[in-house]
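See below for the structure under consideration.
Predicted model only: the values in this text are computed from it and were never measured.
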Amino acid sequence: MNKFAELAACRLVLLALALLPGIDVSSASEATGVPETVPFEGGPYGVRVERSHFIPMRDGVRLSTDLYFPEGYEGTLPAIIERTPYDKAARRKANPDDPISPANQAYYFASHGYVVAVQDRRGKFESEGEYVVLNNDVEDAHDTLDWFKEQSWFSGSASMIGCSIPGANTIKAAQTLHPALKSIVPQSAATGHGTAGGTMARFWIRGGVQNLTIPLWTHYRGSKLFFRPPLPMEREAYLAIRDFFEPAPNVGSMAEVFSEDGELSDSGQEALMHLPLVEIDDVLGSPPSDWDDLASRAPMDPWWDGGDYLEDETPVNGAALHINSWHDYGVNETLLQYQHFRDKAATEWARDNQFVIISPLSHCNAETVSTSARIGDRELGDARFDFWGTYLRWFDYTLKGIDNGIAAMPRIQYFLPGANVWRTAEEWPLPGTQRTRLFLDSGGAANTRLGDGRLAFSVPTSAGEDRYTYDPADPVYTGFRAVQQGSFEASALEMREDILVYTSDPLEEPLEVTGELRARLWLSADVPDTDLAVKLLDVYPDGRAYPIQEGYLRLRYREGYDREVMMEPGKVYAIDLDMLVAANLFKAGHRVRIEVTSSNFPSYGRNLNTGGNSALESEHQPARVTIYHGPGTSSYIELPVVPESA
């Protein structure tokens with residue numbers, strides 16, 4: 001993979017993120033200045049790969065699966081399974097001698113005495129059947145585990161691992177309650193989450209709004225169309241012809257929509273700005289995909305039911321090592337999944353073996369933490385953590401029964417940006433957390449960072465209001481520098497008139513904020529519907545402003561995602577906003593800041609402000625929004641402040 005492709009893949013969180021290459025640390029040292037990660041060691045066994053075993057499902061569809069065996073291993077083997085829509089062949093073609101990464105992890109685990117299975121999901125690449133995003137995964141995982149039970153070399157104990165959609169597949173597998181599935185390692189697994197814990201996260205939906213980079217994902221990775229032999233073939237006949245063709249459609253180069261710095265090109269931006277949204281795939285020239293449904297379906301539309309998303313009453317089982325990063329779009333769901341498994345796993349052993357590790361990085365990049373970690377523009381120092389060694393010990397413990405101390409590690413391990421250290425806890429929310437409110441105030445001119453917006457720890461003594469105009473033709477544009485991709489310095493963006501900025505006085509003492517963020521804003525608008533975006537930032541003494549987290553809500557869903565309630569123009573509403581979870585140490589001398597606006601493109605699809613279906617319409621109008629603060633309409637952000645002694 002060349003330098004441009006690496007950069008584009010890192011920025012495009014929606015593409016084959018689990019395939020990102022690792023950092024070569026074979027000769028790293030302080031002298032060379034190359035960041036060092038925790039070293040890994042291959043196991044004592046060579047690895048033999050058996051390609052394209054066709055595993056039958058209950059409806060007759062066969063899923064193609066590669067098996068990695070440790071050569072010379074004596075006895076039956078536990079299994080580690082990855083179910084992926086991103087082409088299992090990529091794992092096989094990786095160099096097993098390269099530094100460890102998701103690309104060659106199958107070789108790594110197999111060399112330590114496991115059979116590793118990498119399976120193309122239903123309807124993808126070599127596997128038969130029809131592909132629908134996240135559908136059929138519970139049944140297909142169950143039938144795959146049944147097939148393993150029939151193999152003479154299988155020990156009876158299996159686990160699953162995967163990041164992003166493959167991570168969601170581990171959550172789906174846990175819903176099977178299959179006795180062979182002892183554990184899982186869900187990494188950045190929010191795409192498998194529904195409404196469990198009071199959120200709304202079905203396949204990148206946030207606040208009722210679809211992520212507008214999804215049509216790029218469906219273009220490059222979401223195709224329903226794959227080239228296959230005209231009739232089902234036995235494995236031997238299939239292998240004889242397989243290397244003469246590629247099943248995936250030719251969708252062109254990412255260079256068509258990305259510039260050399262990994263940002264959207266002019267043509268890429270133009271495609272995503274196209275209206276109506278459901279035609280973006282036509283503009284891109286995409287193969288058949290689920291884009292139209294993903295774009296236009298309401299959050300609680302029955303269409304989503306086929307995805308078996310995690311809901312409050314969904315049964316699960318299996319020990320779980322939950323992995324994510326603070327700048328992943330789904331870190332909130334990772335912590336909700338951890339709690340769901342602790343509360344509802346079918347066995348006491350599974351409930352007692354739930355752990356979370358949160359890195360400071362972004363989607364599917366946790367394992368790349370190094371001596372010089374960086375997230376966006378923000379330097380984090382030495383953030384090393386032995387992820388790969390932890391995974392191996394996890395499998396040794398949960399699948400081989402080895403008492404290696406892994407069960408005694410802290411329940412919660414998280415990197416605290418700002419302090420730039422790893423912290424641990426035994427409970428979530430963190431013990432001693434104090435819900436602390438900072439109230440909005442201004443003299444009526446909070447627009448831009450040069451305005452008079454203020455944050456205070458007490459309610460302002462006088463009422464006030466601020467106004468901005470959100471124009472769908474000119475949304476706040478963050479591209480691939482959004483908070484879900486990293487912490488990119490924001491002071492230039494804060495010069496927009498449609499962003500209200502509220503900043504505290506310099507802090508006299510450090511302030512650790514780790515946990516659930518919430519906000520209540522009083523507002524009115526002159527349109528029946530618009531969006532609300534609230535962002536938390538850490539402002540350094542020199543004026544640099546680094547985003548920490550953002551909450552977002554389409555206001556028609558302010559009373560629940562199962563109903564659409566339009567606003568009366570001019571009427572004042574109290575909007576409660578889930579701002580997800582975050583961690584940051586605001587040092588003494590730093591300031592706390594929030595931004596308030598009505599768009600963040602393309603992380604969220606634009607609200608056209610008409611009250612109609614913004615995916616199907618082209619007409620739009622500006623929204624004039626008023627934010628109120630002070631007695632009677634005290635707008636605030638609520639932070640989870642962790643005492644210094646915690």
Side-chain angles (χ1 to χ4, degrees), residues 197-199 207 326 332 335 416-418 428-444 446 449 451-466 483 494 499-524 532-539 545-553 555 558 572-597 625-646:
T199 191
W326 290 123
N332 181 65
L335 288 156
L416 179 60
W428 184 264
L430 299 182
T433 298
Q434 300 171 356
R435 308 299 306 181
T436 303
R437 294 175 179 178
L438 276 75
F439 296 89
L440 279 62
D441 190 17
S442 79
R449 62 179 170 82
D452 62 4
R454 300 181 296 275
L455 278 181
F457 286 91
S458 58
V459 179
T461 57
S462 59
E465 56 190 55
D466 295 292
V483 68
E494 291 172 336
I499 299 178
L500 304 181
V501 180
Y502 301 88
T503 309
S504 75
D505 291 334
L507 297 171
E508 296 181 0
E509 298 179 351
L511 186 74
E512 179 184 343
V513 172
T514 300
E516 299 177 7
L517 309 175
R518 303 174 191 142
R520 166 170 281 196
L521 268 65
W522 293 79
L523 62 77
S524 65
L532 177 64
V534 179
K535 189 178 296 180
L536 173 69
L537 304 95
D538 183 344
V539 182
Y546 291 108
I548 306 302
Q549 186 55 282
E550 179 182 47
Y552 203 93
L553 180 65
L555 293 180
R558 67 192 180 278
V572 179
Y573 296 89
I575 305 299
D576 291 314
L577 190 65
D578 177 5
M579 292 191 60
L580 312 177
V581 298
N584 188 67
L585 181 72
F586 294 84
K587 293 182 178 180
H590 288 222
R591 293 176 290 164
V592 181
R593 172 176 290 172
I594 67 166
E595 300 170 0
V596 179
T597 188
V625 181
T626 303
I627 301 295
Y628 301 87
H629 41 76
T633 54
S634 55
S635 295
Y636 59 81
I637 183 172
E638 186 176 273
L639 305 179
V641 174
V642 180
E644 190 173 354
S645 59

* To do: Nearest 0.5 Å please: distance from the CD1 atom of I575 over to the CG atom of L521.
  => 8.5 Å
* By side-chain hydrogen bond (donor to acceptor under 3.5 Å, both in side chains) - contacts of T433 (at least two apart) -> none
* Asked: Side-chain contact, heavy-atom cut-off 4.5 Å: V596 with L532?
  -> yes
* Side-chain donor-acceptor pair present, T436, Q434, cut-off under 3.5 Å -> no
* To do: Would you please test L537 and E595 for side-chain contact (heavy atoms from CB on, under 4.5 Å) and show each step?
  => CA-CA 8 Å; L537 304 95; E595 300 170 0; 3.5 Å; yes
* Check: T514 and L585 side chains under 4.5 Å, non-hydrogen atoms -> no
* **All side chain to side chain contact (heavy atoms under 4.5 Å, CB included) counterparts of P506, not counting sequence neighbours** => R591
* To do: Only counting residues at least two apart or in another chain, list the ones meeting ring-ring contact (aromatic ring centres under 6.0 Å, His included) with F586.
  => none
* **ring-ring contact (aromatic ring centres under 6.0 Å, His included) against Y573, all qualifying residues, sequence neighbours excluded** => none
* By side chain to side chain contact (heavy atoms under 4.5 Å, CB included) - contacts of S442 (at least two apart) -> A446, D452, D466, Y502, H629
* **side chain to side chain contact (heavy atoms under 4.5 Å, CB included) partners of A574, counting only residues at least two apart** => R520, W522
* To do: Kindly state each residue pair satisfying salt bridge (Lys or Arg N to Asp or Glu O under 4.0 Å) with at least one member in residues 454-464, sequence neighbours excluded.
  => D441-R454
* Reported CZ-to-OG distance for the pair F457 and S504, which is rounded to 0.5 angstrom -> 6.0 Å
* Can you name the side-chain hydrogen bond (donor to acceptor under 3.5 Å, both in side chains) partners of R593, sequence neighbours left out? -> E494, T503
* Listed by chain and number, what are the side chain to side chain contact (heavy atoms under 4.5 Å, CB included) partners of E509, not counting sequence neighbours? -> none
* Structure fact -> Residues at least two apart in sequence or cross-chain that pass side-chain hydrogen bond (donor to acceptor under 3.5 Å, both in side chains) with R437, listed by chain then number, are Y636, E638
* To do: Determine yes or no for a side-chain-to-main-chain donor-acceptor pair under 3.5 angstrom, with T199 supplying the side chain and G197 the backbone.
  => no
* **Partners passing side-chain hydrogen bond (donor to acceptor under 3.5 Å, both in side chains) against Q549 (at least two apart in sequence or in another chain)** => none
* To do: Quick one: which residue pairs count as a salt bridge (Lys or Arg N to Asp or Glu O under 4.0 Å) with a foot in residues 455-464, not counting sequence neighbours?
  => none
